[in-house]
Number of protein chains: 2
Amino acid sequence: MKEPGLDLVAEARRQWVAHGWTGPDRGMAAVVSLMRAQQIVLGRLEEVVRPYGLSYARYEVLTLLSFTRRGELPLSKIGDRLQVHPASVTGAVDKLEQQGLVVRVPHPEDRRAVLARITDQGRRVAEQSTAALNEGPFADIGLAADQAERLLELLAELRRSAGDF
Amino acid sequence: MKEPGLDLVAEARRQWVAHGWTGPDRGMAAVVSLMRAQQIVLGRLEEVVRPYGLSYARYEVLTLLSFTRRGELPLSKIGDRLQVHPASVTGAVDKLEQQGLVVRVPHPEDRRAVLARITDQGRRVAEQSTAALNEGPFADIGLAADQAERLLELLAELRRSAGDF
DNA sequence: CGCGCTTGCTTGGGAGCCAAAGCAATGGTT
DNA sequence: AACCATTGCTTTGGCTCCCAAGCAAGCGCG
């Protein structure tokens with residue numbers, strides 16, 4: 001047994017209140033919950049996707065490409081859509097390229113830009129890993145459907161108020 | 001202006017539905033929201049805490065220590081409470097130690113164990129950074145109080161069903 | 001007693017993210 | 001046409017997290 005039975009977030013919140021920090025205690029608890037939940041969920045995703053030789057970050061890139069008309073996108077667009085730093089995109093594409101799931105091709109009009117294009121093998125891997133995610137973590141995130149929907153709304157509200165869209 | 005006005009999560013969900021993946025689309029959207037929200041929130045926290053020479057990870061360690069009776073804890077306990085890998089704790093304590101916010105002292109009974117003890121300076125930094133967080137991100141996470149509370153509950157439920165406690 | 005499993009920490013390596021700097025190509029301005 | 005700010009990508013370096021391996025100390029069992 002390694003289960004302390006205690007909710008660490010509730011524990012932290014009690015500390016906050018005990019120190020007289022009532023008010024911020026709610027936000028603190030929400031923040032800590034968020035971090036922890038993300039950690040758990042991401043762990044699951046990585047697990048599911050690993051057998052396909054992917055990390056979740058690279059899975060996102062691959063899937064994004066598979067959704068585009070021509071299967072290609074400038075790296076900058078990838079960064080925009082996925083909300084990650086250009087350097088991260090470079091790294092992900094490097095790895096995907098050396099795995100043969102993507103190739104870099106020059107942009108036909110803008111010689112500064114580079115397109116990442118998904119390969120046939122890349123498409124196969126994208127399909128398979130998506131299927132695995134759809135059957136696993138995406139099918140059940142540990143909440144009832146209406147709860148998941150409500151969570152989604154609250155997170156959207158949080159993101160909205162942070163200017164995410 | 002660089003605001004596309006579009007919610008990228010809603011966009012992804014549309015793609016899912018368009019591909020006939022209805023059902024998992026909800027979980028997918030919830031997961032992606034969660035990741036994005038965490039990214040946003042963590043970014044805020046790092047920002048607030050940086051002026052004190054801390055990262056959020058190290059802030060957590062420091063605060064945890066400040067809450068204990070004697071201001072010290074074996075590294076293993078820190079890992080348990082914060083739910084992070086032992087190697088991460090070693091790294092965080094290394095850094096805190098070289099910043100003079102913490103010292104390593106031998107465990108009086110178990111010679112394998114090492115205690116991290118917060119220093120006076122560490123306490124000051126912990127206080128100040130906590131105050132900053134309490135006035136900033138913790139006071140307002142971008143949701144009304146009842147919404148934040150509801151979010152907290154949903155995340156707790158998610159964590160619970162993942163066996164987090 | 002002593003062998004062996006467990007526990008506690010550290011080290012080394014991989015991967016991700018970000019910030020800042022460098023370089024090339026663009027494109028608007030004068 | 002010449003200039004210079006902007007854009008697109010890469011590189012380097014810092015930080016976090018994890019895994020796996022290594023080593024020391026504790027503990028339990030025959």
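In this text, all values refer to a predicted model and were calculated from it rather than measured experimentally. All chains are named by letter (A, B, ...) in the order of the sequence lines, taking the proteins before the strands, and each is independently numbered beginning at 1.
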Sole residue of A:D140, A:N134, A:I141 in side chain to side chain contact (heavy atoms under 4.5 Å, CB included) with A:F138: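 Single pass found, and it is A:N134.
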[X] side-chain N/O to [N] phosphate OP1/OP2 under 4.0 Å:
| X | N | result |
| --- | --- | --- |
| A:Q83 | C:dC17 | no |
| B:H85 | D:dC19 | yes |
| B:R104 | C:dT10 | yes |
| B:S76 | C:dT7 | no |
| A:S88 | C:dC18 | yes |
| B:S55 | D:dT16 | yes |
| B:R58 | D:dC15 | no |
| A:Q39 | D:dT16 | no |

Counting only distance, no hydrogens or angles, is the base of C:dT26 paired donor-acceptor with the side chain of A:R112 under 3.5 Å?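 No, the side chain and the base share no sub-3.5 Å donor-acceptor pair.
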Between A:S33 (side chain only) and B:L152 (backbone N and O only), is there a donor and an acceptor less than 3.5 Å apart?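 No: the side chain of A:S33 does not pair with the backbone of B:L152.
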Starting at [atom1] of [X] and ending at [atom2] of [N], how long is that distance when rounded to a whole Å?
| X | N | atom1 | atom2 | result |
| --- | --- | --- | --- | --- |
| A:E60 | C:dC17 | CD | P | 8 Å |
| B:E109 | C:dG8 | CD | P | 14 Å |
| A:L75 | C:dA24 | CG | P | 18 Å |
| B:D94 | C:dC9 | CG | P | 13 Å |
| B:R50 | D:dC15 | CZ | C1' | 11 Å |
| B:E46 | C:dA19 | CD | C1' | 13 Å |
| A:E72 | D:dG8 | CD | C1' | 16 Å |
| A:Y56 | C:dC17 | OH | C1' | 16 Å |

What orientation do A:F67 and B:W21 show, parallel under 30°, tilted 30 to 60°, or perpendicular over 60°?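 Answer is tilted, since the angle falls between 30° and 60°.
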Heavy-atom nearest nucleotide on DNA chain D for A:V89 versus B:G91: which residue maps closer to 5'?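 It is A:V89 whose nearest nucleotide is closer to the 5' end.
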Output the single nucleotide from D:dG26, C:dA25, D:dT10 whose closest atom is nearest the side chain of B:R111.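 Shortest atom-to-atom distance from the side chain points to D:dG26.
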Closest to the B:A87 side chain: D:dT11, D:dC15, C:dG12?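 Nearest listed nucleotide: C:dG12.
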Testing the basics here: between B:A132 and B:P137, what is the closest heavy-atom pair and its distance to 0.1 Å?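 So the two residues come closest at O-CD, 4.1 Å.
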Relative to the 5' end of DNA chain C, which residue comes earlier, A:P86 or B:V114, by the nucleotide with the nearest heavy atom?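 So the residue in question is B:V114.
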Any chance CG of B:D120 has more than 12 other-residue heavy atoms, nucleotides or ligands included, within less than 6.0 Å?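 No, the 6.0 Å shell around CG holds no more than 12 heavy atoms from other groups.
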Between B:R150 and B:Q147, is any side-chain donor less than 3.5 angstrom from a side-chain acceptor?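 No, because no side-chain N or O of B:R150 sits under 3.5 Å from a partner of the opposite role on B:Q147.
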